[in-house]
There are 2 protein chains.
Amino acid sequence: MPENQPTISDRIQRELDRLTRAERQLAHSILENYPASGLGPLATLAKDANVSAPTVARMVQKLGFKGYPEFQTELREELKAKAKNPIAKHDTWAEGAPSGHVLNRFTDAVIDNIRHTLGQIDPDDFDAACGLIGDPDRALYIVGGRITHTMAEYLFLHAQVIRAAVTHIQSTSNTWPHYLLDVKEGDVFVIFDNRRYENNTLKLAEMAHTKGAKIILFTDQWRSPVHHLADICFSSRIVVPSAWDSAATTLLLVETVIAAIQDQNWAQTKDRTERLEDMFDQTKLFRKFT
Amino acid sequence: MPENQPTISDRIQRELDRLTRAERQLAHSILENYPASGLGPLATLAKDANVSAPTVARMVQKLGFKGYPEFQTELREELKAKAKNPIAKHDTWAEGAPSGHVLNRFTDAVIDNIRHTLGQIDPDDFDAACGLIGDPDRALYIVGGRITHTMAEYLFLHAQVIRAAVTHIQSTSNTWPHYLLDVKEGDVFVIFDNRRYENNTLKLAEMAHTKGAKIILFTDQWRSPVHHLADICFSSRIVVPSAWDSAATTLLLVETVIAAIQDQNWAQTKDRTERLEDMFDQTKLFRKFT
DNA sequence: AGAATTGTGTTACAAAAAGAACAGAAGCCG
DNA sequence: CGGCTTCTGTTCTTTTTGTAACACAATTCT
């Protein structure tokens with residue numbers, strides 16, 4: 001007896017399309033901390049979602065309840081049922097999937113990776129790395145390998161908005177030596193290298209090192225050989241129940257770096273973002289007439 | 001501050017001796033199905049416990065609350081906190097960094113995103129999606145936009161190893177219409193589209209849809225307009241303390257999909273991997289002699 | 001671009017709930 | 001056993017809360 005009565009949360013999601021803008025906004029607010037927010041007074045819920053009270057009343061009726069009180073009553077019933085259920089579905093991420101489902105196994109592993117990785121990071125290293133990456137007086141080179149290339153590109157795309165003088169190098173390409181021509185002492189290399197470590201990447205790192213560039217390395221728990229040359233090294237746990245490795249933790253670090261350097265150079269970022277938007281707009285206009 | 005504030009349940013139990021008969025009766029009724037019953041109207045609670053309404057009001061004041069509404073508010077807060085803490089017990093992820101450090105703030109947000117996202121995924125949808133993506137009889141097209149392009153590429157790189165007939169399309173490129181020439185009914189499109197949703201992506205989706213292709217969409221919590229055309233839609237929470245959005249959750253899903261379809265087609269994957277290794281080796285040999 | 005439709009917030013009203021005051025019941029002392 | 005204290009339920013008032021009606025805003029369609 002899996003009692004798979006659709007929960008109110010399910011119902012909201014299913015009707016999401018049929019809802020209007022304000023109602024959707026409200027719906028998300030409800031799901032945000034479900035079910036607690038739905039159990040408060042209507043007005044509070046409305047305020048939290050930045051919609052008017054009647055919107056709440058209307059949506060609730062759209063969902064098939066007679067009124068807000070009835071909605072709350074069913075929410076409480078649901079909560080009661082859930083509390084009664086002795087099944088500890090608390091260690092399950094995707095509710096409704098057995099705990100052995102790949103969704104749950106994989107997520108478990110990734111969360112674990114994150115915890116381990118973050119636990120080993122020295123905040124000072126991190127801040128120092130952000131200082132280097134965000135420093136507009138140093139040219140920034142971002143290097144990725146075959147798979148890590150995606151991480152490199154992700155960082156590149158964002159760094160490009162935040163600051164000038166950013167270059168993205170694919171170590172797998174034959175053309176990378178060209179990029180090294182202009183490297184000066186004090187320039188910064190962000191290098192991604194996970195197993196299986198790539199020879200090209202190591203060569204590139206050596207050259208950069210010789211030229212006196214600072215090297216920040218993102219690697220895995222076993223550490224790329226590049227780490228001997230690196231000034232700062234972040235190693236992520238990347239093991240997951242799969243034939244491949246996970247880049248999720250690395251991405252988390254990259255995104256955090258982005259957030260940090262964006263804060264650090266906020267004035268500049270804002271300006272550059274606006275100019276970028278302008279240019280996009282112009283592109284669109286241009287397209288219109290073609 | 002490990003916030004080991006005693007829960008209201010604790011408070012009730014501790015005060016149990018100081019309560020009178022009717023109040024104790026009520027207290028037990030509250031604990032019976034905690035916290036659901038306490039979140040309903042006062043009168044209901046009174047009736048369920050076979051006491052009068054003022055008894056409820058009095059007891060609640062004895063527990064130190066100003067009135068019943070305040071009691072309820074705190075109950076809701078407690079519920080909210082509880083829902084947040086299935087694993088996020090970690091006040092700080094990066095030990096040694098203050099909890100306000102961007103490393104901790106960001107990680108918190110991402111874990112939260114993961115939790116929300118996974119909680120809303122229908123495992124059947126997920127399995128269905130994997131079935132389609134892994135089906136070697138259907139051509140697979142992977143589409144990304146400006147930023148999501150990195151996700152698309154990540155999936156592409158792995159899918160390519162697992163199966164044949166995989167194509168990676170950048171919706172930002174002008175050349176995408178060419179790729180649609182050979183699309184047949186039953187082919188599969190995996191489309192990534194986060195805000196700000198891209199018009200090109202929508203157009204592309206429309207064409208694919210017209211041709212009778214199956215569409216699997218990875219989008220954010222507000223859902224790209226493509227979702228009207230999608231057969232299966234996964235929406236990730238992507239909000240983080242940054243001017244940009246987080247792709248970490250999306251990546252987690254993508255990696256899980258990869259793990260799933262790799263299991264599904266293990267024999268094939270193994271074969272292809274070996275052949276790929278061979279080819280890499282040959283490349284290396286070739287280089288050796290140049 | 002204008003008209004019709006749909007969605008949304010403000011106001012006003014009705015219902016309901018919580019709190020206060022009171023009166024009756026039960027237990028506890030002399 | 002009667003008077004006192006403590007507890008409990010009923011009634012009434014005040015406040016809060018939900019809902020309905022309206023008018024304005026946004027959107028869509030023609």
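Just so it is clear: chains get the letters A, B, ... in the order the sequence lines come, proteins before strands, and each one is counted from 1.
Proximity of A:T55 to the phosphate of C:dG9: a side-chain N or O atom is located under 4.0 Å from OP1 or OP2. Under 4.0 angstrom from either OP1 or OP2 of C:dT6 there lies no side-chain N or O belonging to A:T20.
In summary, the side chains of B:E255 and B:Y154 do present a donor paired with an acceptor at a separation below 3.5 Å, with no hydrogens or angles considered.
We find that CG of A:L45 is positioned 13 Å from P of D:dT17, with the value rounded to whole Å. Put simply, CD on A:E23 is 8 Å from C1' on C:dG7, counting in whole angstrom units. Rounded to whole angstrom, the span from the CD atom of A:E70 across to the C1' atom of D:dT17 amounts to 17 Å. One atom, CG of A:L19, and another, C1' of C:dT6, lie 15 Å apart when rounded to the nearest Å. The interatomic distance linking A:R58 (CZ) with D:dA20 (P) rounds to 11 Å, in whole Å. One can place CE of A:M59 at 16 Å from C1' of D:dT19, the figure rounded to the nearest angstrom. The NZ-P distance, from B:K62 to D:dT6, rounds to 12 Å in whole Å. Atom-to-atom, CG of A:N50 to C1' of C:dG9 comes out at 13 Å; the value is rounded to the nearest Å.
Remark: the backbone N or O of B:R138 is not paired with any side-chain donor or acceptor of B:D187 at under 3.5 angstrom.
Listed nucleotides D:dT8, D:dG18, C:dA18 differ in distance to B:L42; the shortest reach to its side chain belongs to C:dA18. Of the candidates C:dG7, C:dG9, D:dG18, C:dG9 carries the atom nearest the A:V51 side chain, counting heavy atoms from C-beta on. The side chain of B:P41 sits closest to C:dA17 out of D:dG9, C:dG19, C:dA17. Distances were taken from every side-chain heavy atom of B:P54 (C-beta onward) to each of C:dG7, D:dT8, C:dA21; the shortest belongs to C:dA21.
Here B:E185 does not pair with B:K211 in a salt bridge; the nearest charged N to carboxylate O distance is not below 4.0 Å. The pair B:D220-B:R237 does not meet the salt-bridge criterion, since no charged nitrogen lies less than 4.0 angstrom from a carboxylate oxygen. Contact check on A:E23 versus A:K62 returns a salt bridge, with a Lys/Arg side-chain nitrogen under 4.0 Å from an Asp/Glu carboxylate oxygen.
Here A:R21 lies in heavy-atom contact (under 4.0 Å) with sugar-phosphate atoms only.
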